[in-house]
Number of protein chains: 2
Amino acid sequence: MVDIARLAGVSVATVSRALTGSPLVTAETRERIEAAVRQTGYAVNPLARGLRRQEARQILVLVPDIGNPFFSEVLLGIEEEAAARGFSMLVGNTAKDPAREDRHAGQLLTGAVDGLILVNGRLPPRLQRDRDFDGRIVAVSEAIPGGRVPVVGIDNAAAAAAAVAHLAGLGHRRIGHVAGPEGNILTRQRLAGYGAGLRAAGIEAEPDLIRHGDFTIPSGESAMAALLALPTPPTAVFCSNDEMAIGAIRALRIIGREAPRDVAVAGFDDIQFAGTYEPPLTTIRQPRRRMGAEAMALLGRRIAAEPGAGGDVTLPFALVERRSSVR
Amino acid sequence: MVDIARLAGVSVATVSRALTGSPLVTAETRERIEAAVRQTGYAVNPLARGLRRQEARQILVLVPDIGNPFFSEVLLGIEEEAAARGFSMLVGNTAKDPAREDRHAGQLLTGAVDGLILVNGRLPPRLQRDRDFDGRIVAVSEAIPGGRVPVVGIDNAAAAAAAVAHLAGLGHRRIGHVAGPEGNILTRQRLAGYGAGLRAAGIEAEPDLIRHGDFTIPSGESAMAALLALPTPPTAVFCSNDEMAIGAIRALRIIGREAPRDVAVAGFDDIQFAGTYEPPLTTIRQPRRRMGAEAMALLGRRIAAEPGAGGDVTLPFALVERRSSVR
DNA sequence: TTGTATGCGTTATCAG
DNA sequence: CTGATAACGCATACAA
């Protein structure tokens, strides 16, 4: 910067002002400075600027598994919005390990990042104690227990109810549910929606028709196998995510049956291969990318301490009807 | 830090030394300092440290599409190795847009990041001119034209040849190829391997049996449709990636045929759903995660200016035989 | 409108 | 082994 100052025949202060768009600079001097910048290819040092301004213009996203396509598409939305707002995106993989969560969260305490986006459904331990940074944290997709941090996502219960209504509308009365792991918030919300959907259709709930998996294909397969071993198996099944729905279809195939002929199957998420699978999956589409973008927008507003940067953001979902549920 | 110094009754210089693990500190003073640190929850400011040391302890990964599972698993490997080496990972989505590439690459010039990992197959324009940062750039998966930057990946030609050898070994003599977009390096390498594989099996190449797609499912579908419309269609097809292989299988299905009964199909990459698809896909497995990790390790060595931080790293691939190719 | 001076939080140099 | 101090590059308060 001192070079630019010399080249343009001004002080570094003026260069700084010109570069930050201060109105206190003559058009003419600004022009000289910009010329010098172009000539030398100079660029402001973000570390020095950050040190001075006490901000990093960086945000951190905590993800349990970057490799999971669901999360990576949320990341895409975050990145776009972050770039648009002049932020860079750091990504930390937690693998659900509290120690890693804490290590990454440390970046918020040190000032390495200005904000945090949680895609992993919980606050890192050290942040549970320390409430000083609540204003710089938002969650996406999955709510955080405690209600301290705002969430951006869909109405999971309503979406689950919509899926069940769809199956009931097809004439099914025995509708099973392959739920996620117990204790998980999404599991609870979708389970609640499942129950509400049954009620709305005038169907009596039957605890035996509910089995828990862990959101993986194999777990969906065994949950469905258990359902099929029932004296009176369900004629339709709503699964808490698409992976388990695929597992359910495999379980059918293994015993020589198939979806939707023998059992209708619906999933949740509309992952990339949901529409490509055989049969294509009926599912709930979440606006993943937009969820990421909205989360970043919210975080940006909170960091800037904008007044309206309030609570949760609920985005619309869509029921996507495909062959797996329709005869 | 000044607080710590006061608490421990030493100077900031000593605190700094203790915190950086300098041997020039008494065990006793170090203990006092560490106690003060624990008590206050103090953490070093990375911006100030970076400004002073002229390093950011951050690296940037340029990806064309974070949402793509192939890339996101490479990211996983990068993140793990980066964390292990004390680096944070920034992710920049380029969407193949040169302007975005340049904007992100700027972070290398400003010192915001210490190194760059390219997963998008090419150097951002401004870095093509400026060779000053060559020592801080590595590529993964896809080689960069020009040979200036070292690549971490598999031997794509050999892998393609192995896939073709597999199909030939099954007795096929008319083996088609659904290639990637023309001009793409991976396309060229795999196309070359396809040719080599045919030659090794004593099969004469036939230009008509080669169609180009763009690595998407629909493009694979139409490429395969064209192949099937030939007077004498191939009895086996090697596709340059799994998405196009899935498209090829769909093309078969549309005209009432199926894989592998009518045409054997092999893909490339072993993406997440390759093993789950119906039929499960025969494909080439790339060690994506390890590729990411090795790339980061290489970059780390280069940044540290370690002597042995030389050229390309070639990792082993594996031919995964599944039902799509076997009768 | 511009320049001077100071401090952001660290680390490295140089004395002691 | 420890302390004082300069410097990293920038942005702002204060003067002019």
Side-chain angles (χ1 to χ4, degrees), chain A residues 1-37 40-58 86 88 106-114 132 303-304, chain B residues 1-37 40-58 86-88 106-114 303-304:
Chain A
M1 181 171 245
V2 47
D3 303 323
I4 303 295
R6 197 167 14 237
L7 255 170
V10 295
S11 73
V12 292
T14 302
V15 175
S16 173
R17 281 188 281 255
L19 265 35
T20 53
S22 160
L24 309 173
V25 184
T26 315
E28 188 227 342
T29 36
R30 183 186 300 278
E31 184 44 54
R32 281 214 313 284
I33 290 170
E34 283 170 357
V37 167
T40 60
Y42 165 83
V44 172
N45 180 322
L47 273 64
R49 166 174 287 179
L51 178 59
R52 177 63 227 249
R53 287 191 175 164
Q54 299 293 14
E55 64 168 22
R57 284 275 122 184
Q58 297 190 143
S88 295
Q107 306 212 59
L108 190 56
L109 311 184
T110 64
V113 301
D114 301 325
D132 294 353
I303 290 174
Chain B
M1 182 170 245
V2 46
D3 303 323
I4 302 295
R6 199 168 12 237
L7 255 170
V10 295
S11 72
V12 292
T14 301
V15 174
S16 173
R17 278 189 285 255
L19 265 35
T20 52
S22 159
L24 307 174
V25 185
T26 314
E28 188 228 343
T29 32
R30 181 185 303 277
E31 185 43 53
R32 281 214 313 284
I33 290 170
E34 283 170 357
V37 167
T40 60
Y42 164 84
V44 172
N45 180 321
L47 272 64
R49 166 176 283 178
L51 177 59
R52 178 60 230 241
R53 286 194 174 160
Q54 301 290 15
E55 63 169 22
R57 285 273 124 188
Q58 296 189 142
F87 283 87
S88 295
Q107 306 213 58
L108 191 56
L109 311 183
T110 64
V113 301
D114 301 324
I303 290 174

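Within every chain, numbering begins at 1; the chains are lettered A, B, ... in the order of the sequence lines, protein sequences first and strands thereafter.
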Using a distance-only criterion (donor-acceptor N/O pair, under 3.5 Å, no hydrogens), is the base of dG9(D) paired with the side chain of Arg52(B)? no

Compare the minimum distances between each of dT2(C), dA5(C), dG3(D) and the side chain of Ala13(A), then state the nucleotide with the smallest one. dA5(C)

May I have the distance from Arg30(A) (atom CZ) to dT2(C) (atom C1'), rounded to whole angstrom? 13 Å

Contact check, side chains of Thr20(B) and Arg49(B), non-hydrogen atoms, under 4.5 Å: yes

Among the nucleotides dG3(C), dG9(D), dA11(D), which one has an atom lying closest to any side-chain atom of Leu51(A)? dG9(D)

Report the distance from atom CZ of Arg17(A) to atom P of dG9(D), rounded to the nearest whole Å. 20 Å

Sugar-phosphate, base or nothing in reach of Ser16(A), heavy atoms under 4.0 Å: base

Closest approach to the side chain of Gln54(B), judged atom by atom: which nucleotide of dC8(C), dG3(C), dG9(D) is it? dG9(D)

Taking dT1(C), dT11(C), dG9(C) as options, the one with an atom nearest any side-chain atom of Thr26(A) is dT1(C)

Heavy atoms under 4.0 Å, any strand shown: does Val2(A) hit a base, just sugar-phosphate, or nothing? nothing

Arg53(B) side chain: which of dG3(C), dA11(D), dA12(C) is closest? dA12(C)

Answer with base, sugar-phosphate or nothing: what part of the nucleic acid does Ala27(B) contact at a heavy-atom distance below 4.0 Å? nothing

Do Tyr42(B) and Leu7(B) make a side-chain contact, defined as non-hydrogen atoms from C-beta onward lying under 4.5 Å apart? no

Euclidean distance, atom CG of residue Leu19(A) to atom P of dG9(D) [Å, nearest integer]: 15 Å

What integer distance in Å separates Met1(B):CE from dC8(C):P? 14 Å

Without decimals, in angstroms, what is the distance between Arg49(A) CZ and dT12(D) P? 9 Å

With a 4.0 Å cut-off on heavy atoms, is Val25(B) in touch with a base, just the backbone sugar-phosphate, or nothing at all? sugar-phosphate

With a cut-off of less than 4.0 Å, is there a side-chain N or O of Thr29(A) near OP1 or OP2 of dT2(C)? yes

Closest to the 5' end of DNA chain D, once Glu28(B) and Thr20(A) are matched to their nearest nucleotides, is Glu28(B)

Of the candidates dT10(C), dT2(D), dC8(C), the side chain of Ala48(B) sits closest to dT10(C)

I need the CZ-P distance between Arg32(A) and dT1(C), as an integer number of Å. 14 Å

Note, Gln58(A) side chain near Gln58(B) side chain (heavy atom, < 4.5 Å): yes

Compare every heavy atom of Ile4(B) with every heavy atom of Ala36(B), then report the nearest pair and how far apart it is. O-CD1, 3.8 Å

Any side-chain heavy-atom pair from Val37(A) and Leu19(A) closer than 4.5 angstrom? yes

What integer distance in Å separates Arg6(B):CZ from dG9(C):C1'? 14 Å

Do Pro46(B) and Arg57(B) touch side chain to side chain, with heavy atoms closer than 4.5 Å? no

Starting from P on dT1(C), measure out to CD1 on Ile33(A) and report it in whole angstrom. 13 Å

